[in-house]
Amino acid sequence: MPWKGEKDPYRIWLSEIILQQTRVQQGLGYYERFISAYPSVHDLAQASEDEVLKLWQGLGYYSRARNLHFTAKDIVQNYEGKFPQSYAKLLKLKGVGKYTAAAIASFAFDEAVAAVDGNVIRVLSRIYQIQEPFDTADGRKQFDVLANELTPKNWPGIFNQAMMDFGATVCTPKKPLCELCPFQKDCEAFKNNATNDLPVRKNRVQSKSRFFFAFHIEKNGSIAIEQRKGKDIWQGLYQLPWQEVKGFDGNMEKQIDEVAHGYFQSEDLNFYSFTEVFKQQLSHQKIHVVFVEIDAKNITDTQLNFIATRNLSTFAFPKIFILYLQGKKLILE
DNA sequence: AACTCGGGGGA
DNA sequence: TCCCCAGAGTT
């Protein structure tokens with residue numbers, strides 16, 4: 001990992017934002033590309049948000065990218081380009097929560113604060129056999145208190161790294177390597193054959209299904225796209241125009257006809273074709289999309305925003321649109 | 001406290 | 001499918 005042993009708070013910060021809820025393997029390439037594109041916080045601050053989102057495309061949780069860009073500008077404008085050097089001050093930065101503030105403070109500035117991530121929670125829950133759910137205020141506080149008691153004043157950075165590495169490689173979520181674990185004789189969960197039941201999480205909310213028709217409107221080498229605004233998913237990314245519906249009817253042609261006539265001003269619309277259902281599972285939603293190709297020559301809607309198809313790949317799109325556009329050979333990647 | 005925010009990979 | 005991932009912000 002290129003950020004291991006790193007002392008530059010900018011690089012530590014960048015790596016930690018990328019690694020939030022993200023596996024090292026998945027984040028690695030993104031880290032390299034960000035460092036290459038933005039060697040310093042000043043470079044990142046001078047970029048446009050569209051550019052940052054494009055580089056973040058495919059990594060998910062795009063508020064991380066927006067907050068990353070916001071905080072880079074914040075650092076340059078209000079901190080003279082220098083990261084604050086304590087846990088408490090780092091915590092004030094947008095996108096920097098308790099874990100990330102502790103990681104930066106302990107790695108870069110040797111402050112004795114525990115960086116409690118999923119790995120640390122798993123290790124502690126097993127060694128001490130903590131049955132309390134970790135995703136409640138009370139439970140979470142217990143893990144924080146315990147981790148901070150264990151953190152050595154002299155080498156907090158090494159300790160935090162070690163705890164996470166140990167959780168990621170030995171004390172894994174499934175099939176932990178207890179046979180070679182040096183804590184075997186101390187681990188309450190191992191003694192009681194309870195490693196598989198720890199840590200305890202409260203039930204997650206179930207994900208809901210949503211259904212959309214997305215319109216592929218292309219003319220003279222241009223295609224209609226729009227930027228996503230508001231509070232819904234994928235804020236700031238781009239997409240083909242689409243319309244949400246309650247569900248898909250048995251008669252797809254008829255439903256498309258109705259939806260399209262509600263969506264566009266034009267009276268006579270000609271459809272070329274529609275696709276099978278594209279599906280994407282998110283944390284709390286399952287997205288279903290049918291893509292509809294429409295003959296553009298009768299479309300008179302003035303609010304549609306057309307961009308040259310050769311420039312499509314400069315915009316950040318959600319995964320499900322990437323898949324469609326790749327199938328149409330409109331983007332390569 | 002509960003909800004929301006992506007996408008990938010392993011079982 | 002379900003679960004988890006070097007979590008954080010909003011309501």
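Values below: all heavy atoms of this structure, side chains included; hydrogens, waters and symmetry mates excluded. A quick note: this is a predicted structure, and the numbers were derived from the prediction, not measured. Just so it is clear: chains get the letters A, B, ... in the order the sequence lines come, proteins before strands, and each one is counted from 1.
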Visitor: Whole-Å distance between C/dG7 C1' and A/Asn67 CG?
Guide: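 Whole-Å distance recorded here is 12 Å.
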Visitor: For DNA chain C, what residues of residues 81-111 of chain A have any heavy atom nearer than 4.0 Å?
Guide: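 Nucleic-acid contacts, sorted: A/Leu93, A/Lys94, A/Gly95, A/Val96, A/Gly97, A/Lys98, A/Tyr99, A/Thr100.
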Visitor: In this structure, how many angstroms lie between the P atom of C/dC4 and the CG atom of A/Asp117, rounded?
Guide: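 These atoms are roughly 14 Å apart.
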Visitor: As a quick check of understanding, evaluate side-chain contact (heavy atoms from CB on, under 4.5 Å) for A/Phe278 and A/Thr275, giving each step before the final call.
Guide: CA-CA 8 Å; A/Phe278 284 58; A/Thr275 65; 3.6 Å; yes
Visitor: Check the surroundings of atom CD in A/Gln303: do more than 12 heavy atoms from other residues, nucleotides or ligands lie under 6.0 Å from it?
Guide: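 It does: A/Gln303 CD has more than 12 such atoms within range.
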Visitor: Just wondering, more than 12 heavy atoms not from A/Lys7 lying within 6.0 Å of its NZ?
Guide: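 Enclosed: over 12 neighbouring heavy atoms sit under 6.0 Å from NZ of A/Lys7.
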Visitor: What nucleic acid atoms does A/Arg201 come within less than 4.0 Å of, heavy atoms only: base, sugar-phosphate, or nothing?
Guide: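 Sugar-phosphate, no base atom in range.
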Visitor: Starting at CD1 of A/Ile307, measure out to CD1 of A/Ile223 and round the result to the nearest 0.5 Å.
Guide: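 So the CD1 of A/Ile307 and the CD1 of A/Ile223 are separated by 7.5 Å.
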Visitor: Please give, in whole Å, the distance from C/dC2 P to A/Gln206 CD?
Guide: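 From A/Gln206 CD to C/dC2 P: 8 Å.
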Visitor: So that I know where these two stand, are A/Tyr272 and A/His216 an aromatic pair - ring centroids less than 6.0 Å apart?
Guide: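 Ring centres of A/His216 and A/Tyr272 not closer than 6.0 Å.
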Visitor: Figure out the CG/C1' separation between A/Asn119 and C/dC4, and round it to whole Å.
Guide: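 Answer to the nearest Å: 10 Å.
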Visitor: Could you pull out the protein-nucleic contacts involving nucleotides 7-11 of chain B (nitrogen or oxygen on both sides, under 3.5 Å)?
Guide:
unit_1 : atom_1 : unit_2   : atom_2 : d
B/dG7  : OP1    : A/Tyr62  : OH     : 3.0
B/dG7  : OP1    : A/Lys319 : N      : 3.2
B/dG7  : OP2    : A/Trp234 : NE1    : 3.3
B/dG7  : OP2    : A/Gln280 : OE1    : 3.3
B/dG7  : OP2    : A/Gln280 : NE2    : 2.2
B/dG7  : O5'    : A/Gln280 : NE2    : 3.3
B/dG7  : O3'    : A/Gly58  : O      : 3.3
B/dG7  : N2     : A/Gln26  : OE1    : 3.4
B/dG8  : OP1    : A/Lys319 : NZ     : 3.4
B/dG8  : N2     : A/Arg23  : NE     : 3.3
B/dG8  : N2     : A/Arg23  : NH2    : 3.4

Visitor: Could you tell me which residues satisfy side-chain hydrogen bond (donor to acceptor under 3.5 Å, both in side chains) with A/Lys185, sequence neighbours excluded, listed by chain and number?
Guide: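 A/Lys185 satisfies side-chain hydrogen bond (donor to acceptor under 3.5 Å, both in side chains) with no residue once adjacent residues are dropped.
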Visitor: Once you apply a heavy-atom cut-off of 4.0 Å, does A/Trp3 come out as touching a base, just sugar-phosphate, or nothing?
Guide: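 Since a base atom lies under 4.0 Å of A/Trp3, the category is base.
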Visitor: Do any N or O atoms of the protein come closer than 3.5 Å to N or O atoms of nucleotides 1-4 of chain B, and which pairs are they?
Guide:
unit_1 : atom_1 : unit_2   : atom_2 : d
B/dA2  : OP2    : A/Lys202 : NZ     : 3.1

Visitor: Whole angstroms only, please: what is the CD-C1' distance between A/Gln57 and B/dG6?
Guide: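 Atom-to-atom, A/Gln57 to B/dG6, this comes out as 12 Å.
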Visitor: Roughly, in whole Å, what's the span from CZ in A/Phe134 to P in C/dA6?
Guide: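 The answer, rounded to whole Å, is 13 Å.
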Visitor: Distance check, rounded to the nearest 0.5 Å: A/Asn160 atom CG versus A/Ile158 atom CD1?
Guide: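 The CG atom of A/Asn160 sits 10.0 Å away from the CD1 atom of A/Ile158.
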Visitor: Please evaluate residues A/Tyr61 and A/Ser283 with respect to the criterion side-chain contact (heavy atoms from CB on, under 4.5 Å), reporting the C-alpha separation (whole Å), side-chain torsions for both, the decisive distance (0.1 Å), and the verdict.
Guide: CA-CA 10 Å; A/Tyr61 284 165; A/Ser283 305; 3.4 Å; yes
Visitor: When we call it a touch if two heavy atoms are under 4.0 Å apart, what does A/Arg122 touch: a base, just sugar-phosphate, or nothing?
Guide: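 Contact class for A/Arg122: sugar-phosphate only.
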Visitor: Once you round to the nearest 0.5 Å, how far does OH of A/Tyr263 lie from CD1 of A/Ile294?
Guide: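 So the OH of A/Tyr263 and the CD1 of A/Ile294 are separated by 9.5 Å.
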Visitor: Taking the six-membered ring of A/Tyr30, is the NZ or CZ of A/Arg33 close enough (under 6.0 Å from the centre) and on axis enough (within 45°)?
Guide: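 Yes; both conditions hold, so A/Arg33 lies above the ring face of A/Tyr30.
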Visitor: When rounded to the nearest Å, what value does the distance between P atoms of C/dA6 and B/dT4 take?
Guide: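 That atom pair is separated by 25 Å.
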Visitor: For B/dG6 versus C/dC4, give the span between their C1' atoms, rounded off to a whole number of Å.
Guide: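 Roughly 13 Å separates the two C1' atoms.
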Visitor: So which pairs with a foot in residues 229-259 of chain A pass ring pair (Phe, Tyr, Trp, His ring centres under 6.0 Å), sequence neighbours left out?
Guide: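 Listed once each, the pairs are A/Phe211-A/Phe248, A/Phe212-A/Trp242, A/Phe213-A/Phe248, A/Tyr238-A/Phe315, A/Trp242-A/Phe321.
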Visitor: Fit a plane to each ring of A/Tyr10 and A/Trp13, take the angle between them on a 0 to 90° scale, and name the class: parallel (under 30°), tilted (30 to 60°) or perpendicular (over 60°).
Guide: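 Ring orientation, 0 to 90° scale: tilted.
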Visitor: Between A/Asn148 and A/Ala112, what is the shortest heavy-atom contact and its length?
Guide: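 A/Asn148 and A/Ala112 have their closest heavy atoms at OD1-O, 4.3 Å.
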Visitor: Describe the nucleic acid contact of A/Met163 in one word from base, sugar-phosphate, nothing, applying a heavy-atom distance below 4.0 Å.
Guide: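 Touches nothing.
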Visitor: May I have the distance from A/His69 (atom NE2) to C/dA8 (atom P), rounded to whole angstrom?
Guide: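 The answer, rounded to whole Å, is 21 Å.
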Visitor: Between atom CZ in A/Arg64 and atom P in C/dA6, what is the gap in whole Å?
Guide: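 Taking CZ of A/Arg64 and P of C/dA6, I get 12 Å after rounding.
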Visitor: Let me see the working for A/Phe274 and A/Phe291 under ring-ring contact (aromatic ring centres under 6.0 Å, His included), right down to the final yes or no.
Guide: CA-CA 6 Å; A/Phe274 61 90; A/Phe291 291 88; over 10 Å; no
Visitor: Is A/Asp165 touching bases, backbone alone, or none of the nucleic acid, heavy atoms closer than 4.0 Å?
Guide: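 Base contact - A/Asp165 has a heavy atom under 4.0 Å of at least one base atom.
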Visitor: List DNA chain B stems (3 or more consecutive Watson-Crick/G-U pairs, under 3.5 Å)?
Guide: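 Looking at DNA chain B, the stems formed by three or more consecutive pairs are B:1-5 with C:7-11, B:7-11 with C:1-5.
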Visitor: Does the ring center of A/Phe183 lie less than 6.0 Å from the ring center of A/Phe166?
Guide: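 Centroid separation for A/Phe183 and A/Phe166: below 6.0 Å.
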